[in-house]
Asks: 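So that we are looking at the same thing, I have put the structure below in structure tokens.
Residue numbers start from 1 in every chain, and the chains themselves are labelled A, B, ... in the order their sequence lines are given, proteins ahead of strands. Hydrogens, waters and symmetry mates play no part in the numbers below; they use all other heavy atoms, side chains included.
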Protein chains: 2
Amino acid sequence: MLNNLERIKIEKPVDKIIEQLRSLIISGDLKPGDKLPPERKLAERMGVGRLQVRDAIRKLEFYGIVKTLPQSGTIVAGLGISALEGLITDVLKIEQSDFKSLVETRVILEKQSAYFAALRRTDEDIVEMSNALEAYQANINSGMNAVEEDLLFHLKIAEASKNSVLKSLMMIITPDIVNSFISLEVCDDRNIEKPLDEHRRILQCIINQDAEAAADAMQEHLQDVLDYSNQVDLTKSKK
Amino acid sequence: MLNNLERIKIEKPVDKIIEQLRSLIISGDLKPGDKLPPERKLAERMGVGRLQVRDAIRKLEFYGIVKTLPQSGTIVAGLGISALEGLITDVLKIEQSDFKSLVETRVILEKQSAYFAALRRTDEDIVEMSNALEAYQANINSGMNAVEEDLLFHLKIAEASKNSVLKSLMMIITPDIVNSFISLEVCDDRNIEKPLDEHRRILQCIINQDAEAAADAMQEHLQDVLDYSNQVDLTKSKK
DNA sequence: GACCAGCATTTGGTTAACCAAAATAAAGGT
DNA sequence: ACCTTTATTTTGGTTAACCAAATGCTGGTC
């Protein structure tokens with residue numbers, strides 16, 4: 001309904017600064033490893049406040065593009081110029097991920113997560129996953145919204161996979177998943193029993209340490225969403 | 001050599017603030033959707049400067065946990081409390097990812113990336129990937145370090161996969177990969193021809209639109225690193 | 001009584017001044 | 001001539017004051 005309003009182009013000032021930093025680096029004389037101009041100089045040259053430059057550097061540092069040493073300076077990290085060129089532009093666009101890519105990637109991560117969880121789960125992991133599943137079931141039975149508990153169950157699987165990066169990436173895309181689901185109104189109240197059964201089946205495969213079956217069960221569980229995302233993509237392409 | 005020095009526990013103040021915010025949210029009365037205390041109150045209550053609270057909120061906002069509206073307040077985003085509990089703790093630890101998880105996850109992403117690239121690549125993508133491969137080859141032939149060009153080739157494959165999220169995630173973990181490689185000195189100068197051949201083979205599979213073969217070629221290409229990461233993991237567990 | 005204009009307060013955003021650590025330059029001693 | 005030591009400048013980090021927009025309140029008007 002308010003999707004039309006979302007298109008207000010908010011060119012946040014920090015993004016413009018990042019863009020200028022990008023051209024500064026690409027234009028040449030900033031090899032990886034040597035330090036870029038101090039914050040004051042950058043602020044002055046770009047005609048903006050120093051705090052905004054600071055924020056831009058923070059964001060770049062968060063992505064590992066630069067490394068700032070206190071009271072010493074900010075250096076560009078090991079990643080090279082050629083890679084940076086494509087990198088920074090997409091850092092800016094990382095939020096506007098399209099729904100299809102989002103779901104597609106989620107399926108990949110979840111499948112592997114279930115696969116590794118089946119191989120590596122401990123007894124404690126089983127308890128955690130079972131508890132999450134029960135909370136999910138309880139909310140469904142009382143007719144409440146169970147989106148949180150649904151995600152919590154998937155998160156517990158990721159924990160059982162013993163792969164911290166896999167779990168972190170899943171958590172990174174999870175908020176986008178939720179937002180997309182809400183805005184697209186996918187979470188309608190039909191099919192309240194089916195996902196519950198699928199969750200139970202996934203858990204059973206993990207308990208049995210059958211990795212292939214767990215991955216398949218997860219694939220099937222997410223297949224509906226995947227199909228839906230393809231439909232959405234088709235309808236959106238008409239716009 | 002300086003790995004011993006890396007263990008200096010730097011409990012950055014902003015992380016402590018995030019931790020306190022977490023307990024604030026979990027402790028109860030902050031339902032998702034309503035706004036948390038203003039920055040000044042938080043700074044006063046925690047006994048820290050306001051700018052640090054500000055940075056913590058920025059970081060949380062970046063992860064989509066909260067949403068800050070200018071001149072109005074900061075609200076916690078849609079994601080629920082139960083999910084947040086596990087989420088924020090790992091946001092703090094997202095940087096210290098262990099090498100094995102890093103490589104393992106990279107293999108997953110790269111395999112799928114090659115798979116989709118084979119299915120969806122355009123003629124323009126082929127040109128881009130070929131150029132990256134040539135640049136890689138040129139640097140190798142002249143005896144220079146080709147890490148950047150190596151990654152650039154993989155990045156072009158991700159672009160050809162037409163999955164923006166997949167590409168973004170790969171770019172998120174790439175800096176960590178590079179840092180780990182450097183600190184562990186994996187990139188020794190032996191085997192300079194083998195990866196080049198593997199790159200060519202991967203590209204050929206993608207051009208042929210043979211998705212399975214492309215994924216297998218990528219798997220084989222990264223198998224050495226994967227094996228090495230398992231060794232490292234074993235040696236590190238002795239420490 | 002409902003509604004709206006206008007004022008005061010709240011709140012995130014911004015600026016400028018200041019601080020301490022680090023790097024650099026300079027001086028002095030060997 | 002070289003190294004050590006010290007003083008100065010540079011640099012990121014921090015604090016406090018200020019700004020503009022947004023919210024809530026108040027009083028008046030219809």
Asks: Could you tell me the separation between the CG atom of B:Leu60 and the C1' atom of C:dG12, rounded to a whole number of Å?
Replies: 16 Å
Asks: The side chain of A:Thr68 is closest to which nucleotide in this list: C:dA23, D:dA17, D:dG13?
Replies: D:dG13
Asks: According to a strict under-4.0 Å criterion, is B:Gln52 in side-chain N/O contact with OP1 or OP2 of D:dG13?
Replies: no
Asks: Taking for each residue the nucleotide of DNA chain C bearing the nearest heavy atom, is the 5' side occupied by A:Asp55 or by A:Pro70?
Replies: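 Whichever sits nearer the 5' end wins; that is A:Asp55.
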Asks: Are any of B:Gln71's side-chain N or O atoms less than 4.0 Å away from OP1 or OP2 of D:dC19?
Replies: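 No, no such contact exists.
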Asks: Specify the closest pair of heavy atoms between A:Phe153 and A:Ala132, including all atoms of both residues, with the distance to one decimal.
Replies: CA-CB, 3.9 Å
Asks: Picking from C:dA23, C:dG12, C:dC19, which would you name as closest to the side chain of B:Arg40?
Replies: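 So the nucleotide nearest the side chain must be C:dG12.
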Asks: Hey, could you give me the CG/CD distance between B:Leu69 and B:Gln71, rounded to the nearest 0.5 Å?
Replies: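 Answer rounded to 0.5 Å: 10.5 Å.
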Asks: Using a strict 4.0 Å threshold on nitrogen-to-oxygen distance, state whether B:Glu110 and B:Arg106 make a salt bridge.
Replies: yes
Asks: Between B:Lys167 and B:Asn163, does a side chain to side chain contact (heavy atoms under 4.5 Å, CB included) hold up when you go through it step by step?
Replies: CA-CA 6 Å; B:Lys167 182 186 168 195; B:Asn163 184 318; over 6 Å; no
Asks: Find the distance B:Ile17:CD1 to D:dG13:C1' and express it as a whole number of Å.
Replies: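 Rounding to the nearest Å, CD1 of B:Ile17 and C1' of D:dG13 are 13 Å apart.
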Asks: In whole Å, what is the span from the CD1 atom of A:Ile75 to the C1' atom of D:dG12?
Replies: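 Rounded to whole Å, this separation is 14 Å.
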Asks: Using the six-membered ring wherever Trp is involved, compare the ring planes of B:His154 and B:His221 and label them parallel, tilted or perpendicular (cut-offs 30° and 60°).
Replies: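 Rings of B:His154 and B:His221: parallel, under 30°.
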Asks: I need the CG-P distance between B:Leu51 and C:dG12, as an integer number of Å.
Replies: 14 Å
Asks: Hey, which sits more toward the 5' end of DNA chain D by its nearest nucleotide, B:Ser72 or A:Pro38?
Replies: A:Pro38
Asks: Just the rounded figure in Å: distance from P of C:dT11 to CG of B:Leu36.
Replies: 11 Å
Asks: Nearest whole angstrom, please: distance from the P of C:dG12 to the CD of B:Glu44.
Replies: 14 Å
Asks: Does a side-chain N or O from A:Arg54 land closer than 4.0 Å to OP1 or OP2 of D:dG13, or not?
Replies: yes
Asks: Round to a whole Å and report the spacing from CD of A:Glu39 to P of C:dT15.
Replies: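 So the CD-P distance, A:Glu39 to C:dT15, works out to 14 Å.
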Asks: Please state how far atom CZ in B:Arg50 lies from atom P in C:dT10, giving the value in whole angstrom units.
Replies: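 To the nearest whole Å, that distance equals 14 Å.
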